[in-house]
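For reference, the structure discussed in these notes is given below.
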Amino acid sequence: MAREAVDDRRRVGGQALMLQQWLKLSVMGIAGLPNRLGASSVIVIGIACVVGVFISVLAMSAGFRHTLAGSARPDRIIVLRGGSDAELNSNLTREDVDTIANAPGIAKDSAGHPLLSNEIISVVNVPKSDTGVSSNLTLRGVGAALGGVRPEIRITEGRNFRPAVRELIAGIGAARQFRGLTVGSVLHFRNAEWTVTGLFTSSGDIHESELLADADTVASSIERQGYSSVVGLLTDATAFGAFKDALTSNPQLTVEAQRETDYYTAQSAQLTKIIDVIGNLVALIMAFGATFGALNSMYSAVATRGKELATLRAIGFNPVPVLLSVMTEALVLALLGGVIGALIAWLVFNGYTVSTLGGAFAQVVFKLSVTPQLVIEAVVWACFIGLLGGLFPALRSIRMPVSEALRSG
């Protein structure tokens with residue numbers, strides 16, 4: 001027992017000594033970084049570039065996902081024709097809408113009218129502000145209960161459209177990206193003239209990339225019977241099950257009801273997946289380059305400090321603290337590069353407005369979003385690159401015989 005106690009004390013003492021040696025060597029190595037500014041800058045700049053590209057690409061995915069589901073609510077539903085995966089290829093008859101309005105769980109306004117908006121989707125061509133080239137823009141016909149169904153929509157300039165008149169309001173995102181979307185301007189499409197009567201915001205969601213008008217007026221303009229979808233508010237989120245069961249069990253209906261949150265998550269899935277794959281692939285390719293840069297720089301640093309490290313080993317320093325100190329140095333440089341890259345990406349790209357084709361093959365205007373989760377992922381990437389780049393030089397620093405290292409130094 002006494003011998004075991006002595007052995008335990010020696011083991012603990014040895015571990016404490018290695019910890020002290022690692023801390024001392026790490027402090028010495030980090031303090032000497034300014035003397036190796038060129039080699040250190042290669043690592044920092046290379047990793048900062050990887051992190052910047054990684055964040056900028058994936059910020060598109062985060063921004064697009066936020067825009068599509070920005071103001072979606074679990075107590076708001078969307079009903080499409082059965083088998084339809086988007087509003088553009090869905091069609092509901094007026095009889096379908098009347099039946100849906102009487103389903104259990106639908107909230108009502110103060111007058112007892114169901115909070116439902118029968119909507120119709122059309123795509124129109126409007127010139128882009130920067131190029132003048134016509135591009136697709138969503139024209140959404142909405143019902144009279146729009147204000148109760150989507151209370152987040154706020155008129156910021158002008159007034160709302162009137163029913164039975166070719167008037168429309170434009171989302172501020174669309175107004176920034178397309179020409180002629182100012183209050184009082186007249187647009188020519190669908191063989192008719194439409195007057196822009198107002199601009200609106202919608203909590204930064206997809207509807208800010210759309211034009212809104214009276215549903216029946218839009219239907220008449222495109223010579224279409226029926227609607228694309230029905231959007232409504234439930235009495236509360238728990239009423240969805242009863243509401244959906246009532247629709248699916250009705251033999252007169254062939255529809256599919258979804259929570260608005262689920263619908264927009266599905267709509268954004270394909271594009272965000274493509275962006276995520278491309279972003280990770282580009283970051284991986286750049287990471288290889290940054291790793292080799294870190295390898296070369298750390299090999300150079302180990303070679304420069306070869307005599308110093310060999311002397312430390314010769315006077316009794318354990319090889320393990322020497323290895324860990326070299327990897328710590330690489331990790332510190334990688335972390336510095338990661339933080340710099342993340343900061344630059346946040347300053348340059350966060351909130352930057354871009355547009356792309358959405359699910360209805362119309363332009364969706366959205367802002368890049370540099371989220372905390374994205375920054376954390378990027379910095380973890382940077383640390384991994386730094387550790388990988390410092391591993392082999394660190395192994396070399398302890399594998400080289402002391403006598404050889406002293407002569408080469």
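Just the heavy atoms: all of them, side chains too, but no hydrogens, waters or symmetry mates, feed the values below. Values in this document were obtained by computation on a predicted structure and should not be read as measured data.
- Of the residues listed (Asn91, Thr254, Asp96), the one engaging Arg81 in a side-chain hydrogen bond (donor to acceptor under 3.5 Å, both in side chains) is Asp96, and it is the only one.
- Side chain of Ser90 to backbone of Ala86: no donor-acceptor contact under 3.5 angstrom is found.
- In summary, Glu167 and Arg159 engage in a salt bridge, as defined by a charged side-chain N under 4.0 Å from a carboxylate O.
- Distance alone, capped at 3.5 Å, places no donor-acceptor pair between the Ser221 side chain and the Thr217 backbone.
- Atom CG of Leu58 and atom OG of Ser369 lie 11.5 Å apart (nearest 0.5 Å).
- Side-chain N or O atoms of Thr99 include one that pairs as donor or acceptor with a backbone N or O of Glu95 at under 3.5 Å.
- A 4.5 Å side-chain heavy-atom check between Leu181 and Leu137 finds at least one atom pair inside the cut-off.
- Looking at Phe54 and Glu377, their side chains come closer than 4.5 Å, going by heavy atoms from C-beta outward.
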Checking Tyr227 against Asp216 for the side-chain hydrogen bond (donor to acceptor under 3.5 Å, both in side chains) test, could you report, in this order, the C-alpha distance in whole Å, the side-chain angles of both residues, the deciding distance, and whether it holds?
CA-CA 9 Å; Tyr227 304 99; Asp216 291 330; 2.8 Å; yes

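- Thr131 contributes a side-chain N or O that, together with a main-chain N or O of Val133, makes up a donor-acceptor pair within less than 3.5 Å.
- Checking side-chain atoms of Ser84 against main-chain N and O of Asn89 turns up a donor-acceptor pair under 3.5 Å.
- The side-chain heavy atoms of Lys128 and Gln177, taken from C-beta on, include a pair separated by under 4.5 Å.
- Ring orientation note: the planes of Phe243 and Phe240 are tilted relative to one another, at an angle of 30° to 60°.
- With 3.5 Å as the limit, one finds no donor-acceptor pair spanning the side chains of Asn102 and Asp98.
- Residues Leu80 and Gln258 form a side-chain contact, since some pair of their non-hydrogen atoms from C-beta on lies under 4.5 Å apart.
- Counting heavy atoms from C-beta outward, Leu211 and Thr138 have side chains that stay 4.5 Å or more apart.
- Under the 4.0 Å criterion applied to side-chain N and carboxylate O atoms, Glu208 and Lys367 are not assigned as salt-bridge partners.
- Salt-bridge check for Arg73 with Glu260: failed, with every basic side-chain N at 4.0 Å or more from each acidic carboxylate O.
- In this structure, Cys383 and Leu335 approach most closely via the heavy-atom pair SG-CD1, 3.9 Å.
- Panel note: side chain Arg259, backbone Pro74; a donor-acceptor pair is recorded below 3.5 Å.
- The aromatic rings of His207 and Tyr264 sit perpendicular to each other, their planes meeting at more than 60°, with 30° as the lower class boundary.
- No side-chain N or O of Thr371 forms a donor-acceptor pair with one of Gln373 less than 3.5 Å apart.
- The two atoms that bring Ile55 and Val370 nearest to each other are CG2-CG1, 3.7 Å, heavy atoms only.
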